[in-house]
Amino acid sequence: MKETETLLVDARAQVRAALGAMETETPFTLCAEYPKGGIQGDTVVFGEYSNTSTDCPVVDRIVFQVDLYTPLREHRQMLGQAVNRAMTELGLRRVYASADGYRDEGAGCYHKCYRFGRRVDKRSMRLID
């Protein structure tokens, strides 16, 4: 088995940097997991959703999930546009968007979930397809 075939693609640092650099009208908190103390203000939670091999040994499929939690519905839409822009500028494609929702946890907040993914050639770490 070649070293390339066993290589694990990890793009978390690039995703964190892209989301952290988003320019928005209001400040937001960026987290790699749901905050233990609950949501405080506009919050963007991201993480690797899937990292799987394909039928080609040098190609993997990666998917990142980004959840938005906001106290105001308008902020959910504004953050969603910023997230979509940041992730597509990385070369990832949106593969899922949840229905708009509201969560009654704590003070309550609006929620939206997105997933972005692509196939990766592990030899060059280039996004393909």
Restricting to side-chain hydrogen bond (donor to acceptor under 3.5 Å, both in side chains), what partner residues turn up for [X], sequence neighbours left out?
X: Arg85; result: none
X: Arg94; result: Asn84
X: Glu74; result: none
X: Arg119; result: Asp129

Let me confirm one number: the [atom1]-[atom2] distance from [X] to [Y], rounded to the nearest 0.5 Å.
X: Asn51; Y: Leu8; atom1: CG; atom2: CG; answer: 4.5 Å
X: Ser98; Y: Leu68; atom1: OG; atom2: CG; answer: 8.5 Å
X: Phe28; Y: Thr70; atom1: CZ; atom2: OG1; answer: 13.0 Å
X: Ile39; Y: Arg103; atom1: CD1; atom2: CZ; answer: 7.5 Å

Which pair of non-hydrogen atoms, one from [X] and one from [Y], has the smallest distance, and what is that distance?
X: Ala18; Y: Ala86; result: O-CB, 3.7 Å
X: Asp67; Y: Cys113; result: OD1-CB, 3.3 Å
X: Ser53; Y: Asp60; result: CA-OD1, 3.3 Å
X: Phe64; Y: Met87; result: CB-CE, 4.0 Å
X: Val95; Y: Gly117; result: CG1-N, 4.2 Å
X: Lys122; Y: Val59; result: CE-N, 4.2 Å

Examine Tyr110 together with Tyr102 and report whether their ring centres are nearer than 6.0 Å. yes
Is the shortest side-chain heavy-atom distance between [X] and [Y] below 4.5 Å?
X: Cys56; Y: Asp121; answer: no
X: Phe116; Y: Val83; answer: yes
X: Val45; Y: Gln65; answer: no

Listed partners of His111 passing ring pair (Phe, Tyr, Trp, His ring centres under 6.0 Å), at least two apart: Tyr69
Tyr114: ring pair (Phe, Tyr, Trp, His ring centres under 6.0 Å) partners, not counting sequence neighbours: none
By salt bridge (Lys or Arg N to Asp or Glu O under 4.0 Å), which residues pair with Arg16, not counting sequence neighbours? none
For Asp100, salt bridge (Lys or Arg N to Asp or Glu O under 4.0 Å) partners two or more places apart: Arg76, Lys112
Could you list the residues that satisfy side chain to side chain contact (heavy atoms under 4.5 Å, CB included) with Gln14, not counting sequence neighbours? Ala11, Leu90
Counterpart residues, side chain to side chain contact (heavy atoms under 4.5 Å, CB included), relative to Gln77 (two or more places apart): Gln81
Indicate, with yes or no, if Val15 and Val9 share a hydrophobic cluster defined by side-chain heavy-atom contacts under 4.5 Å among Ile, Leu, Val, Met, Phe, Trp and Tyr. yes
Let me check something: do Leu72 and Met78 share a hydrophobic cluster, defined by ILVMFWY side-chain heavy atoms less than 4.5 Å apart, either directly or through other members? no
Side-chain donor or acceptor of [X] paired with backbone N/O of [Y] under 3.5 Å:
X: Asp10; Y: Arg12; result: yes
X: Arg118; Y: Ile62; result: no
X: Ser50; Y: Val63; result: no

Could you list all the side-chain hydrogen bond (donor to acceptor under 3.5 Å, both in side chains) pairs where at least one residue sits in residues 35-46, not counting sequence neighbours? Thr26-Asp42, Glu33-Lys36, Asp42-His75
